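Below is one structure, written out as structure tokens, with a few remarks after it.
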Amino acid sequence: MLKVEYSSYIAGCVSDFISKARYEHVIEDLMNDSQIIFKSQYRHIDNQPNGEPDFIDINNGEKYDAKLFLTEKQGKDLGARNKNVQDYAECIVKINNEMCEYLQHPDSIAIENTTLYKRLIWLINRIKEDENLIVLFPYAFMNKYSTSILDNFTSDYLDVVYRYIKGYFVNRKLFFIYLTMDNYIALRQMGNNATEYLKNDDFLKYFRIDYMA
């Protein structure tokens with residue numbers, strides 16, 4: 001059997017991506033390229049002096065705010081000249097370990113004590129009540145592939161956590177964007193099992209999966 005190994009690539013210029021202007025414009029491109037998850041046309045709001053949302057639907061005025069799944073420390077570490085990715089890498093491993101443990105042994109850990117849950121609640125509390133939330137994971141942390149036929153039938157980390165936070169999204173929507181193991185960008189709307197896979201070269205300049213035979 002051929003053994004294939006992979007590595008997660010993070011560009012040396014990743015600080016360019018995590019700056020507010022760059023990653024939000026990548027998200028804007030993905031939203032406007034979307035045919036399934038985002039069906040309208042969207043405009044990025046460049047000037048936000050009064051806490052305006054990041055994006056607006058130009059047809060109906062619906063508001064969207066985008067957040068990176070990074071702590072402030074992780075953002076500073078990745079944005080520093082001498083980059084330190086250790087804290088972020090350890091966080092990804094911790095999320096995987098906690099959620100794997102929860103899926104296998106639901107009584108072993110309270111979902112409210114998991115890193116994924118606590119971080120999402122923190123992000124939810126940073127947006128306004130009339131804004132939809134888009135969370136971008138700059139990492140393929142769930143080992144998902146765009147070719148999987150099981151995505152709409154099996155539970156994963158995001159499904160599990162959403163069951164406990166969906167009360168925040170009665171009158172608004174939650175979207176996740178993340179890298180797949182085959183280097184597609186997944187756009188996912190929670191609550192309806194809808195997922196769309198797109199290619200985005202700008203994103204892959206900074207984050208991707210590389211395979212080695």
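What you see is a predicted model, and the numbers here were worked out from it, not measured in a lab. We're numbering straight along the sequence, starting at 1.
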With the 4.5 Å side-chain cut-off for hydrophobic clustering, are I37 and I58 part of the same group? no
Going by heavy atoms in the side chains, are H44 and D29 under 4.5 Å from each other? no
Are F169 and Y162 packed together at the side-chain level, in the sense that at least one heavy-atom pair is separated by less than 4.5 angstrom? yes
If you round to the nearest 0.5 Å, how far is CD of E101 from CG of D107? 10.5 Å
Under a 4.5 Å side-chain heavy-atom rule over Ile, Leu, Val, Met, Phe, Trp and Tyr, are Y211 and I185 clustered together? yes
Counting only heavy atoms from other residues, nucleotides and ligands, does the tally under 6.0 Å from CG of N171 exceed 12? no
Contacts table for residues 122-130: side-chain donor-acceptor under 3.5 angstrom, sequence neighbours left out:
unit_1, atom_1, unit_2, atom_2, d
N125, ND2, I121, O, 3.3
K128, NZ, G51, O, 3.0
D130, OD2, K63, NZ, 2.8

Taking the side chain as every heavy atom from C-beta outward, state whether K166 and L174 have any pair of such atoms under 4.5 Å apart. no
Hey, which of D156, D182, T180 is the one that makes side-chain hydrogen bond (donor to acceptor under 3.5 Å, both in side chains) with K144? D156
With a 3.5 Å distance limit and no angle check, can you tell me whether E196 reaches the backbone of Q35 through a side-chain donor-acceptor pair? yes
Distance-minimising heavy-atom pair for Y168 and R172: O-NE, 2.8 Å
What is the ring orientation for F38 with Y64, classed by angle as parallel under 30°, tilted 30 to 60°, or perpendicular over 60°? perpendicular
Check whether E98 reaches the backbone of T115 with its side chain - one donor and one acceptor, N or O, closer than 3.5 Å. yes
Whether the D54 and Q48 side chains hold a donor-acceptor pair (N or O, under 3.5 Å, no angle test) is what I'd like checked. yes
Those residues at least two apart in sequence (or on a different chain) that pass ring pair (Phe, Tyr, Trp, His ring centres under 6.0 Å) with Y102 are none
Decide if atom CD of E72 counts as having more than 12 heavy atoms of other residues, nucleotides or ligands within a radius under 6.0 Å. no
Does the side chain of F55 reach to within under 4.5 Å of the side chain of E24, using non-hydrogen atoms? yes
Could you check if a side-chain atom of I109 sits within less than 4.5 angstrom of a side-chain atom of M99, using non-hydrogen atoms only? no
Nearest-0.5 Å distance, OG1 of residue T71 to CZ of residue R119: 5.5 Å
Could you pull out the closest heavy-atom pair between S8 and I209, with the gap in Å? OG-CD1, 3.6 Å
How long is the straight-line distance from CG of L198 back to OH of Y184, given to the nearest 0.5 Å? 9.5 Å
Please report the C-alpha distance between K73 and D77 in whole Å, then the side-chain angles of each, then the deciding distance to 0.1 Å, and finally whether the salt bridge (Lys or Arg N to Asp or Glu O under 4.0 Å) criterion is met. CA-CA 6 Å; K73 180 181 184 305; D77 287 344; 2.8 Å; yes
Does D159 pair with R188 as a salt bridge, N-O distance under 4.0 Å? yes
When you measure from the side chain of N32 to the backbone of Q41, do you find a donor-acceptor pair of N or O atoms at a distance under 3.5 Å? no
Which residue is it: F69, F175, Y157, Y23? I am looking for the one with a ring-ring contact (aromatic ring centres under 6.0 Å, His included) to F137. F69
Nearest heavy-atom approach of K205 to Y9 is O-CE2, 3.7 Å
Sorted by chain and residue number, the ring pair (Phe, Tyr, Trp, His ring centres under 6.0 Å) partners of F203 (sequence neighbours excluded) come out as F17, F207
I need the minimum non-hydrogen distance between Q74 and L70, along with the two atoms involved. OE1-CA, 3.5 Å
Could you see if I45 belongs to whatever hydrophobic cluster contains M31? Use Ile, Leu, Val, Met, Phe, Trp, Tyr and a side-chain cutoff under 4.5 Å. no
Give a yes or no on whether the backbone of N183 and the side-chain of K199 come within a donor-acceptor separation of less than 3.5 Å. yes
Rounded to the nearest 0.5 Å, how far apart are SG of C100 and NE2 of H105? 10.5 Å
If every non-hydrogen atom of C13 is compared with every non-hydrogen atom of Y206, which pair is closest and at what distance? O-CE2, 3.5 Å
dist K67:NZ -> L133:CG (nearest 0.5 Å) comes out at 8.0 Å
Closest heavy-atom pair, L187 versus S34, reported as atoms and distance to 0.1 Å, is CD1-CB, 3.9 Å
To the nearest 0.5 angstrom, please state how far the CD1 atom of I27 sits from the CD1 atom of I134. 6.0 Å
